[in-house]
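Below is one structure, written out as structure tokens, with a few remarks after it.
Both ligands and their constituent atoms are indexed starting at 1 by order of listing.
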Amino acid sequence: MLLRCVLAAVVLTTTAVSFDAVEPVRYRLSFPEPQHRWMQVEAEFPDVSEATFELRMSRSSPGRYSLHDFAKNVYDVHVFDKGGREVEASRPDPYGWNVTGHGGLVRVKYKVYGDRVDGTYLAIDETHAHVNMPAALMWAHGFDDRPATVAFEQPAGTNWQIATQLHPGSTPLEFTAPNLQYLMDSPVEFGPIAMRQFTVGSRTFRIALHHPGGDGEADALARDAEKIVRQEGAIYGEFPDYEPGHYTFLVDHLPNADGDGMEHRNSTVITASSAVDRAMLYDTVAHEFFHCWNVERIRPRGLEPFDFDRANLSDSLWLAEGFTQYYGPLALHRAGLADVASTAGAIGRLVDAVVNDPGRATRSAVDMSRMAPFIDGGRTVDRTNWQNTVISYYTFGGAIAAALDLSLRDRTDNRVSLDDYMRAMWRTYGKPGGSREGYVDRPYSITDAEETLAAVSGDRAFAHDFFAKYIEGHDVADYARLLARAGFAVRKREPGRAWLGDLHLLAREGTRVARLVAPNWPLYAAGVEQDDEVRELDGQRIIADSDVSAVLARHKPGDRIAITFVDRTRRARTSTITLAENPSLDVVPMDSPTAAQKAFRDAWLGSRTK
Ligand SMILES: [Zn+2]
């Protein structure tokens, strides 16, 4: 008995040691000519047991839903075997390099070009290296659980610092990741960083700002980000455990930055051109930080684990992105960083889109989510009719969140709200976490999301009805009634004025209709379409948009006027337009809300912290 126990202990110990001793993949990133915007990458993959070793560049990047094919910027690729001899890699597809005869170790050396400051790509120049890992690093099939080390070389003559959610390594310029999922999720800003830090409870938050401005801007950003962080923390009642011991806002506020925000588990990348004002920057801060719960940990099934070889499909981006979109302006208002009028404006834009955009009749919120791989950062060469058939899942989901929040509050006189729903989703699906860092063990399905609503509302029929109508169906909530409870009016933007559609004319080569005509515009019924050349309206020659306005000013909704146009086949045509009222809606605070409306509004939009 005793002997057997000892033997078992020895076997266990040996197993544990060999597991701990697994050799990491080692990356070294250097910048010999930053002014030419490329980075030198060297990677070493030890303990290769596969006969054919499959090196890859990602086709996709977590949080961005379309394909980006990062291999397109990789060049000067050299592969070496264990003995240091260069070996020929075969190319099974445009994204891969297959290596045989490697002797159990593969080293690869390549250059990668990058000149886009945003949340998805790579940007190298004399001012910084802004690195999104899928755009930069080759990885290997079968190495998902292999830890990695990433070492940066300081470019000549610089004294840059690094901000990242990667774990610190043995030197200030060396970092580690426990596995591929975490490595790929960990962007790096390497440059002259203004670092600020604050704590809320036991959690540490860092602002790593790269900008041409002064200390005042960094101080203000840290101060206001803290207000947002506190309000969003109050929604969930707690913060996640940030694995490296802190959460980092990587902010590039630079002349050449594209406007973007990208969420990660323990950090976010926020990029904005210097022209972008504080309000827009804060909106992105509020949106991205909300993601550290919703998406990063409360994770839809289609995104977990992330597959870097393809576009990842989710049916729940109306919740993952849309509900996050709704909470951005709400958190800003609760933090005292936005006034009632601008918050009403933000909610109004969501409501107007979901009420009036024709796409709702074609695709449900679930269908819109499945369009993400085509519409999120993707480019099309051919024309599409998305203008009439797609509503962004950000907007659609944001409007659904508003309807759900107000419906829950309406049913319970503010005792139950969307905050309770998000907290329930957090406790069931987010908080349990993952058995491996960077993973989520309980991603949710749409059924799970509906079940959670049934539990939170205490009304299964309500939950089923809400999902069937507004999420899987094509109905629209009664926003006017719901918003009236909080003292907001939903009103037509141009009441009593004649309208024929949001016609934009291109004056070049005649007056051509510049965009797709929507089915709910009077022009549509008159048979007018994109590229048609408008000659006359109501007997008046049309030269520019201002001529259209002049004609409309003479009429009222319901009037019928003649249109003469030349279609794309150069056929002259005449038709009749029945003018209507512009259906566009605004949400505005009522002039004199009742005490009950004020109380409802305060419960909804008021601060969550003391
Ligand atoms: Zn988002």
Atoms of type N, O or S from protein under 2.8 Å of the Zn ion (ligand 1), total 3
query: Quick one: does Y444's side chain get under 4.5 Å of T428's, heavy atoms only?
result: no
Does R196 reach the side chain of L221, with side-chain heavy atoms less than 4.5 Å apart? no
*Can the positive tip of R601 be found less than 6.0 Å from the middle of the six-membered ring of F488, inside 45° of the ring normal?*
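Pair R601/F488 counts as cation-pi.
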Checking V390, I391, L313 against M371 for side-chain contact (heavy atoms from CB on, under 4.5 Å), the one that qualifies is V390
For residues 471-481, the side-chain hydrogen bond (donor to acceptor under 3.5 Å, both in side chains) pairs (sequence neighbours left out) are D410-R481
When the aromatic ring centroids of F239 and Y247 are compared, is their separation below 6.0 Å? no
